[in-house]
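The structure under discussion appears below in the form of structure tokens.
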2 protein chains.
Amino acid sequence: MKRQTWQRAAVREALTAREGFVSAQDLHTALKAGGSPIGLATVYRALADLAVDGDADSLQSSDGENLYRACISQGHHHHLICRSCGRTVEIEADAIEQWAAQVAAANGFREPRHIVDVFGTCASC
Amino acid sequence: MKRQTWQRAAVREALTAREGFVSAQDLHTALKAGGSPIGLATVYRALADLAVDGDADSLQSSDGENLYRACISQGHHHHLICRSCGRTVEIEADAIEQWAAQVAAANGFREPRHIVDVFGTCASC
DNA sequence: GCGATTTTGACAATCGTTCTCAGATAGCCC
DNA sequence: GGGCTATCTGAGAACGATTGTCAAAATCGC
Ligand SMILES: [Zn+2]
Ligand SMILES: [Zn+2]
Ligand SMILES: [Zn+2]
Ligand SMILES: [Zn+2]
């Protein structure tokens with residue numbers, strides 16, 4: 001079973017305080033700047049756990065970094081992300097879900113999963 | 001202007017000979033195994049060029065590797081990829097293109113780009 | 001063939017991430 | 001509270017994909 005530590009709480013809180021997607025390293029830097037003595041490896045582990053439990057969304061940036069964001073809606077959803085400021089809008093689109101399932105089935109593919117993210121420049125940028 | 005070298009030709013050929021997506025390292029290993037003295041850095045550079053020129057598709061695997069594949073259809077398209085054998089089907093879906101553009105516009109996002117890939121297990125796996 | 005310019009490749013450097021492992025700690029039983 | 005034990009933590013090393021370096025080699029226009 002998972003133990004409750006102040007480190008995990010701190011990571012969860014720091015992540016929630018952020019608007020858009022953050023890297024593990026950035027979050028660690030922010031925590032240290034706030035006076036926390038938390039270790040980098042711990043931040044990585046906590047973020048991975050949050051993502052697995054569905055409490056955080058994760059995606060890979062174009063240069064291969066893993067980015068995380070506190071989840072707002074609980075269910076399956078996608079993102080519209082500002083490539084400049086990182087501001088993120090959560091999107092639900094049944095049409096996409098159905099399309100993905102249908103396309104997979106039509107080609108004989110089982111257990112379909114999909115990656116759908118939209119990037120753009122937001123109104124304030 | 002781009003120069004024509006046997007190295008680039010070899011990379012292009014090796015990539016075309018493959019069915020699904022390959023990593024730069026795998027392709028390099030295959031080339032070496034075939035007797036070619038080509039360097040790893042050159043394979044990376046050639047693949048990046050192919051992707052830029054639209055002659056190869058590229059995507060990031062879940063563990064952060066860049067994968068490449070010889071392009072069949074020329075225009076913008078997406079992929080249905082077998083998570084087991086790598087077999088890939090190219091997909092064109094105007095509905096998705098329109099949906100992405102519309103979702104971006106509705107939220108005030110300009111210059112939308114999107115990532116859409118479907119993974120599954122193909123019929124033969 | 002010549003020369004300017006580009007490309008190559010061995011190797012080092014980078015950088016995000018994971019591993020290691022000894023010490024700290026949460027949760028549980030008494 | 002005190003003690004026990006499995007889990008968690010963190011400093012640093014290790015790792016692995018990718019990129020940078022730079023001298024030597026190759027291309028292409030002349
Ligand atoms: Zn913005
Ligand atoms: Zn979806
Ligand atoms: Zn398959
Ligand atoms: Zn598209």
Side-chain angles (χ1 to χ4, degrees), chain A residues 1-15 18 20-53 55-69 81 83 86 115 117, chain B residues 1-15 18 20-53 55-69 81 83 86 115 117:
Chain A
M1 70 229 63
K2 276 264 139 80
R3 287 186 183 173
Q4 177 67 20
T5 65
W6 65 263
Q7 287 95 334
R8 287 182 197 271
V11 168
R12 181 172 239 133
E13 185 187 337
L15 189 63
R18 291 283 188 128
F21 281 87
V22 218
S23 71
Q25 312 237 23
D26 283 351
L27 207 60
H28 179 239
T29 303
L31 282 161
K32 291 288 244 188
S36 173
I38 194 171
L40 176 59
T42 304
V43 175
Y44 273 99
R45 286 186 284 239
L47 286 175
D49 285 348
L50 286 173
V52 166
D53 298 347
D55 294 326
D57 293 317
S58 67
L59 59 82
Q60 299 177 49
S61 74
S62 48
D63 56 331
E65 254 183 331
N66 279 347
L67 303 183
Y68 297 89
R69 174 168 187 273
I81 304 152
R83 63 168 61 89
I115 300 176
D117 287 304
Chain B
M1 70 232 61
K2 278 260 141 79
R3 286 184 185 175
Q4 175 71 16
T5 66
W6 65 264
Q7 286 94 336
R8 287 183 198 271
V11 169
R12 181 174 239 131
E13 184 187 339
L15 189 63
R18 290 283 188 129
F21 281 86
V22 217
S23 70
Q25 313 240 20
D26 284 350
L27 207 59
H28 179 239
T29 303
L31 282 161
K32 293 287 244 189
S36 172
I38 194 170
L40 177 59
T42 304
V43 175
Y44 272 99
R45 287 186 285 239
L47 285 175
D49 286 348
L50 286 173
V52 166
D53 297 348
D55 294 326
D57 293 317
S58 69
L59 60 81
Q60 299 177 50
S61 75
S62 48
D63 57 330
E65 254 182 331
N66 279 347
L67 304 182
Y68 296 88
R69 174 168 187 272
I81 304 153
R83 64 166 63 87
I115 300 176
D117 286 305

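Reminder, nothing fancy here: chain letters follow the sequence lines and each chain counts from 1.
For A/Gln7, a side-chain nitrogen or oxygen approaches OP1 or OP2 of D/dG10 to under 4.0 Å.
Per the geometry, CG belonging to B/Leu47 stands 12 Å off P belonging to C/dT8, to the nearest Å. Rounding to whole angstrom units, CG of residue A/Asp49 and C1' of C/dT18 are separated by 14 Å.
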Readout for nucleotides 12-17 of chain C: B = base within 4.0 Å of protein heavy atom, S = sugar-phosphate only, - = neither; 5' to 3' it is ----BB
Within the 4.0 Å limit for protein heavy atoms, which parts of nucleotides 23-29 of chain C are touched? Write it as a string from 5' to 3', B for base, S for sugar-phosphate only, - for none. --BBS--
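Residue-to-nucleotide contacts include no donor-acceptor pair under 3.5 Å from the side chain of B/Arg45 to the base of D/dG20.
Among the atoms of the strands shown, only primed sugar atoms or phosphate atoms (P, OP1, OP2) are found under 4.0 Å from some heavy atom of A/Arg8.
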Validation: residues 27-51 of chain B side-chain donor-acceptor distances under 3.5 Å, sequence neighbours left out:
unit_1	atom_1	unit_2	atom_2	d
B/His28	NE2	B/Ile38	O	3.0
B/His28	NE2	B/Leu40	N	3.4
B/Thr29	OG1	B/Gln25	O	2.9
B/Ser36	OG	B/Ile38	N	3.3
B/Tyr44	OH	B/Gln25	NE2	3.1
B/Asp49	OD2	B/Arg8	NH1	2.5

Evaluate A/Leu59 against A/Ile81 for side-chain contact (heavy atoms from CB on, under 4.5 Å), listing each step before the verdict. CA-CA 11 Å; A/Leu59 59 82; A/Ile81 304 152; 3.3 Å; yes
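Between B/Gly64 and A/Gln60 the shortest heavy-atom distance is CA-OE1, 3.7 Å. When all heavy atoms of A/Leu67 and A/Ser61 are compared, the pair lying nearest together is CD1-CB, 3.8 Å.
The 12-atom threshold is exceeded at CZ of B/Arg83, counting heavy atoms of other residues, nucleotides or ligands nearer than 6.0 Å.
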